[in-house]
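To keep things clear, I will list the structure first and then write my remarks on it.
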Amino acid sequence: MPQSYPQDSVGIVTPQTIRFDQPLSLACGRQLDHYELIIETYGTLNADASNAILVCHALSGNQHLAGYNSADETKPGWWDSAIGPGKPIDTNTFFVIGLNNLGGCHGSTGPQSINPDTGKPFGPDFPIMTVSDWVESQARLADHFGIQQWAAVVGGSLGGMQALQWAIDYPQRLRHALIIASAPKLSAQNIAFNEVARQAITRDPDFNNGHFYESGKVPKTGLMLARMLGHITYLSDDGMRDKFGRELREGKLSYDFNPQFEVESYLHYQGERFSTAFDANTYLLMTKALDYFDPAADYGDNLAEAVHNAQCKFMLIAFTSDWRFAPERSREIVDALVAAERQVSYAEVDSDHGHDAFLIPTPRYMDIYAAYMKQVANDIPSTAKENH
Amino acid sequence: MRADLEIIQEWVKPGSKVLDLGCGDGELLAFLRQQKQTSGYGVEVDHDNITACLEKGVNVIEINIDDGLASIDDHSFDTVIMTQALQVMTRPDQIVDEMLRIGKECIVTFPNFGHWRARGYLAFRGKMPVSKFLPYTWYNTPNIHFCTFKDFEQLCVERNVHILDRTVVDNQHKHHWSIRLWPNMLGEVAIYRITR
């Protein structure tokens, strides 16, 4: 880890935990009486709290968007490429909040937290969260900071779904929504992939119906398989061909069932790493939130109707080789917004990186991102105007 | 502002909903939004133009006009504009149909291949015309469907398209009495307002 940080890095950041004591009613019918959200912030909130950006994370993300939590950390936060001084989300201009969503495993209240009713970890009894539930919890986070209206809510994949839900649930509370590599709802194929991942976890003997914290064992094999499968779907065929081809680790076939191709060992490595860093119950919960997301369902399956009251401007970005959240899926959102006469822009970026492209700072993607954020910055009401 | 855009903006009603096909860097839409409180979108495929639109706050959608308009509802825009792009379309006739389906009114501008300079170039040099205004050679030009004013107006007759207004200008986009007299020979750019 570098002792000095690049000029465009936010440097060392320390997460903070905020406790909420107002009960949160959830879509599943249950409620959380108390909960905590762990967050990181970057930049400075201005006097009228009008320069705040909320960044929502995807399936396995968390509050650590940018910079380093300690001098020992080897890799910066997951969206460090886009957030920092002079980067698309410029921390000289914006106050940025990243959080770990409820049900997560990075410090916010989730399956690993103690259930006050039993004195034991929630485990599988933690309520199923929906994207709307998250938005509600994020609105309270905005209240905590005195943020009436976000300058923008930004997210990729499942994070983009939260940005879309924000525009529907709280039309007055955001000026811009950036929805990147996302979809208005999952397809049957997408749900099918999620179900295979869930089966891999729940059928691991160490899963113990989700009550594995006490045993000291974790369903490593299940999580590893789930991640390996997920990883394949986040890459493109061309991308994998370029990165691995049919390269062999030992240079020759070994005529046994051990991993020999580079792509095999890559998947093993990724799965292995993930299986010790992520919580199985959180993984199940996040995939369910993805499967359940369908904002048009409450509006007779008419997405244009669902977004009809949205007030913010929208920016959608999709990537050509992303087949898990294909450009056509973003276009469905664009079409609905055009039909509803909402303000929307859309760009389709050429990339071989599949769904992962939204995390990779390719030049055109960063140009679009920066150009749009310039618009977001221009739309920050000046303090002088506010004080007339 | 580009001079042909100056003429077009006079034809756009305040507060109307505009779709600009091939909107370039968003200059016209930004102007219309500010001066006439219009709403709407630009459609563009050029990367630098898209970035320029986004910086200006102009709504821009990256789709291919040749196949990307089907999802837009009939008569959902007051005005659909296409400036200097008809000649690069795969099927200009189908695009004009699509524009008239989506828009209550359409504004189209295109370079006139019947201009005397183009006629003279082909007649005397025996080669496809290259000029400052049409700088490409035949093998690399994006302009794959040139037409003259007469050609376009014949298409309008065949397709039952009403011409509401026609302005013909030279390459500085100026009207001149002689152009009015002999438009297909002396006019370099045509600006049509059409409906069905």
Side-chain angles (χ1 to χ4, degrees), chain A residues 88 90 151-152 175-180 184 302-305 310-320 327-351 362-380, chain B residues 15-30 32-34 37-81 98-99 101-104:
Chain A
D90 191 337
R175 288 191 294 278
H176 293 270
L178 273 81
I179 301 171
I180 305 170
N302 185 336
L303 187 60
E305 203 57 49
Q311 297 298 310
C312 65
K313 290 184 85 168
F314 292 84
M315 174 79 225
L316 282 98
I317 304 173
F319 301 91
T320 48
E328 292 74 25
R329 310 306 318 284
S330 288
R331 283 284 303 281
E332 287 174 34
I333 302 175
V334 174
D335 289 347
L337 289 166
V338 169
E341 306 192 335
R342 301 302 87 192
Q343 300 213 59
V344 55
S345 291
Y346 170 65
E348 199 170 299
V349 177
D350 272 316
S351 168
T362 47
R364 183 171 183 235
Y365 174 34
M366 288 296 110
D367 283 352
I368 292 163
Y369 207 153
Y372 195 79
M373 291 312 295
K374 206 173 273 184
Q375 192 186 137
V376 176
N378 289 337
D379 287 346
I380 297 173
Chain B
S16 58
K17 196 179 157 197
V18 177
L19 182 68
D20 187 357
L21 301 175
C23 66
D25 64 3
E27 188 185 15
L28 177 66
L29 283 173
L32 290 173
R33 185 186 55 190
Q34 209 191 354
Q37 290 73 51
T38 60
S39 59
Y41 316 90
V43 171
E44 186 52 67
V45 289
D46 179 83
H47 294 177
D48 292 337
N49 279 336
I50 289 168
T51 307
C53 288
L54 294 175
E55 282 183 5
K56 282 194 185 85
V58 167
N59 298 321
V60 62
I61 297 172
E62 182 174 356
I63 45 170
N64 190 334
I65 298 168
D66 271 332
D67 54 32
L69 304 178
S71 58
I72 301 177
D73 289 340
D74 293 2
H75 294 111
S76 53
F77 287 86
D78 296 310
T79 308
V80 179
I81 300 172
E98 268 298 84
M99 288 174 71
R101 179 185 69 76
I102 295 164
K104 293 169 192 154

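First the proteins, then the strands, lettered A, B, ... as listed; each starts at 1.
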How about B/Gln34: does its CD atom have over 12 heavy atoms from other parts shown lying under 6.0 Å from it?
no
Is it the case that the side chain of B/Thr51 and the backbone of A/Asp367 share a donor-acceptor pair, with hydrogens and angles ignored and the cut-off at 3.5 Å?
no
Please classify the contact of A/Leu337 with chain B as side chain, backbone, both or neither, using a heavy-atom distance under 4.5 Å.
backbone
Of the backbone (N, CA, C, O) and the side chain (C-beta and beyond), which part of B/Val58 lies under 4.5 Å from a heavy atom of chain A, both, or neither?
backbone
For A/Asp90, the salt bridge (charged side-chain N to carboxylate O under 4.0 Å, His left out) test, sequence neighbours excluded, returns none
Does some side-chain heavy atom of A/Val338 sit less than 4.5 Å from a side-chain heavy atom of B/Ile61?
yes
Provide the closest heavy-atom pair for A/Ala347 versus B/Glu62 in the form atom of the first, atom of the second, distance.
CA-OE1, 3.4 Å
Kindly compute the distance separating NZ (B/Lys56) from CG (A/Asn378), expressed to the nearest 0.5 Å.
12.5 Å
Before you tell me yes or no, could you show the steps for A/Arg364 and B/Ile50 under side-chain contact (heavy atoms from CB on, under 4.5 Å), namely the whole-Å CA-CA distance, both residues' side-chain angles and the distance that decides it to 0.1 Å?
CA-CA 11 Å; A/Arg364 183 171 183 235; B/Ile50 289 168; 3.6 Å; yes
About how many Å separate OG of B/Ser71 and CZ of A/Arg331, when rounded to the nearest 0.5 Å?
5.5 Å
What's the spacing between A/Gln375 CD and B/Leu54 CG if we round to 0.5 Å?
7.0 Å
Part of B/Ile63 lying under 4.5 Å from any heavy atom of chain A
side chain
Looking at A/Lys374, I'd like to know if its NZ atom is crowded, meaning that more than 12 non-hydrogen atoms belonging to other residues, nucleotides or ligands lie closer than 6.0 Å.
no
Quick check on the interface: out of A/Asp379, A/Val349, A/Val344, A/Val376, who has the most heavy-atom pairs with chain B under 4.5 Å?
A/Val344
Quick one: what part of A/Met315 sits under 4.5 Å from any heavy atom of chain B, side chain, backbone, both or neither?
side chain
Which residues pass the salt bridge (charged side-chain N to carboxylate O under 4.0 Å, His left out) test with A/Glu348, not counting sequence neighbours?
none
